[in-house]
Number of protein chains: 2
Amino acid sequence: MKFEPVSPVHAYQRIVEQIEHAVLAGELTPGQRLPSERDLMSQFEVSRSTVREALRVLQSSEVIRSRPGDPRGPEVLSASPAALHRSMHRLARAGQLGFGELLQFRMLLEGSAYLLAARLRTDEQLAEMTSALDEMGALAAAREPDYLAFSHADVAFHDAVARATGNPLIVVCGEVVRDVVLELIKDKLQHAPDRRAVMRTSLEHHGEVLEAVRAGDGERASRLARRALYDYYAGYLPEDQRTPLLPLLDSPPP
Amino acid sequence: MKFEPVSPVHAYQRIVEQIEHAVLAGELTPGQRLPSERDLMSQFEVSRSTVREALRVLQSSEVIRSRPGDPRGPEVLSASPAALHRSMHRLARAGQLGFGELLQFRMLLEGSAYLLAARLRTDEQLAEMTSALDEMGALAAAREPDYLAFSHADVAFHDAVARATGNPLIVVCGEVVRDVVLELIKDKLQHAPDRRAVMRTSLEHHGEVLEAVRAGDGERASRLARRALYDYYAGYLPEDQRTPLLPLLDSPPP
DNA sequence: CCTAGGCTACTGGTCCGACCAGCATACTGG
DNA sequence: CCAGTATGCTGGTCGGACCAGTAGCCTAGG
């Protein structure tokens, strides 16, 4: 006979599980309202404090949202990457995720994204990328370059590529990794010596990649994008931490 | 003059922020203890309910852990990918992620993982993969094949590969995607007609891939792995949903 | 002297009852 | 018919209470 260790399951946890399960199973769809806390406390047969602690947990995971005074009750939210973003951000700040690992992941992700986007993109999605690139061009050529706006247009470009893959998982992970990468080096970017030159080379790289995507040459787009990411960001990395990135560069394989 | 919209900041949120900041800033290191709830309520000058709701949020993000009756108070935890895992799992289950998208992402992720692992793996990590594969072989050859155990050994193999990349992000994402993929088709796997044959071909594919990793041929390992994933799982997918997977097959890996 | 045992003072989990400010709706007066 | 108030709910916070559980002391027995 074998026994397994047990851990006490608290009342509020059971409530979280039940509500979470209902949401995941689709019994509660985004936009729907939960019963009020006072209703829930009689449904679950617990005190209001317990209900509230459960709702707090669900709120912190972006599953529901409560507004004081709203007679319709807590709202069920649609799944959002916000929680994912927060956890990843925390890991990055706690030092569990270094800049090197994030950059490596981004190269991997975007590399594949271009591969897919070049083959699967619609004309409309191609137009989105083009307009984002035009925006970048306009900003880089402006008399007084707005680096922040340029960065936003850059994000829009990469986002359009990710959407062109048709895979929401790629979109979300791309968003998150880009955000965290940018956050880790944003102060260094602020004091870059020649931001205008940076913008110009960035623009040039994006143009080449877009051309490859337009031509349907996913492999070329992917290779160019990975190389561009490396050239753009590897400088912020100690030399001995660049090795893990190399296998993602020189492999124009089969 | 420009004004920005404001949203009320609740008391428990301020507490979460303060404690979270202290942890992120390193003022509270893993293993340290927080003051008891009754102490905190006097430090923050709020009621115990408010303190408790704040602590609940921190618990649900795996920042701290409380045990009833422990006079030393809540414990500060070290950053772990558990929260990341949960958010991604939720997103995968709730976000309209189809099997096709998950499979695509897994092919992308593992394809790159092999590419990296083949170059970066240590001998020790190679030994882990080998032993996992041996385990699979033993289970497949057993008189009465234990499909569940085989599946576990398979997971161990892929996990070893992911760890060999040295990138925790790849490890976590790999875990999650594998979990969700398996969850989506586990009932279909249960009723597979000839599980023994499935095990044998799976074993064979893994063997080839491992051989490529051992030889340091990441490109070959990646290609084989993506092909194997496709052959193994694409059957569960309607034909018209397989198109998005193809660019990951006949193209060189990123 | 040392150790096994209970003892105690605290912990977190749950409950109750209360008050407040905020919101949507119904109702009211014009 | 509409503006504006009145109402009955909401969630946020408070204070007090009780309980089961734990760590560490403290004592009784060797």
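Worth knowing before you read on, the calculation uses all heavy atoms, side chains too, and leaves out hydrogens, waters and symmetry mates. Labels below follow one simple rule: chain letters A, B, ... track the order of the sequence lines, proteins then strands, and each chain is numbered from 1.
A salt bridge links E128(A) with R163(A): at least one charged nitrogen is closer than 4.0 Å to a carboxylate oxygen. With respect to the salt-bridge test (charged N to carboxylate O, under 4.0 angstrom), the residues R33(A) and D70(A) qualify. Taking the charged nitrogens against the carboxylate oxygens, D159(A) and R178(A) do have a contact shorter than 4.0 Å, which makes a salt bridge. Contact check on E75(B) versus R67(B) returns no salt bridge, with no Lys/Arg side-chain nitrogen under 4.0 Å from an Asp/Glu carboxylate oxygen.
For CD of E27(B), the number of neighbouring non-hydrogen atoms (other residues, nucleotides, ligands) closer than 6.0 Å is greater than 12.
Look at CG on D39(A): it is 6 Å from P on dT10(D), rounded to the nearest Å. Rounded to whole Å, atom P of dA24(C) lies 9 Å from atom CZ of R33(A). Note: CZ (R72(A)) to P (dG22(C)) measures 18 Å, nearest angstrom. Rounded to an integer number of Å, the gap from CZ of R38(B) to P of dC18(D) is 13 Å.
When heavy atoms are screened at a 4.0 angstrom cut-off, R56(B) is found touching the sugar-phosphate backbone but no base atom.
Ring geometry, Y233(A) versus Y236(A): the interplanar angle falls from 30° to 60°, so the pair is classed tilted.
In the region residues 8-15 of chain A, proximity to DNA chain D at under 4.0 angstrom, judged on heavy atoms, holds for none of the residues. Taken residue by residue, residues 40-53 of chain A places heavy atoms nearer than 4.0 Å to DNA chain D at R48(A), R52(A).
Relative to the side chain of R67(A), the nucleotides dA24(C), dG11(D), dG13(C) differ in distance, and dA24(C) lies closest.
Contact annotation: S66(B) side-chain N/O to dG12(C) OP1/OP2 distance is not under 4.0 Å.
Defined by atom type and a distance below 3.5 Å, a donor-acceptor pair is present between the side-chain atoms of N167(B) and Q104(A).
By the 6.0 Å and 45° rule, R14(B) does not stack over the aromatic ring of F44(B).
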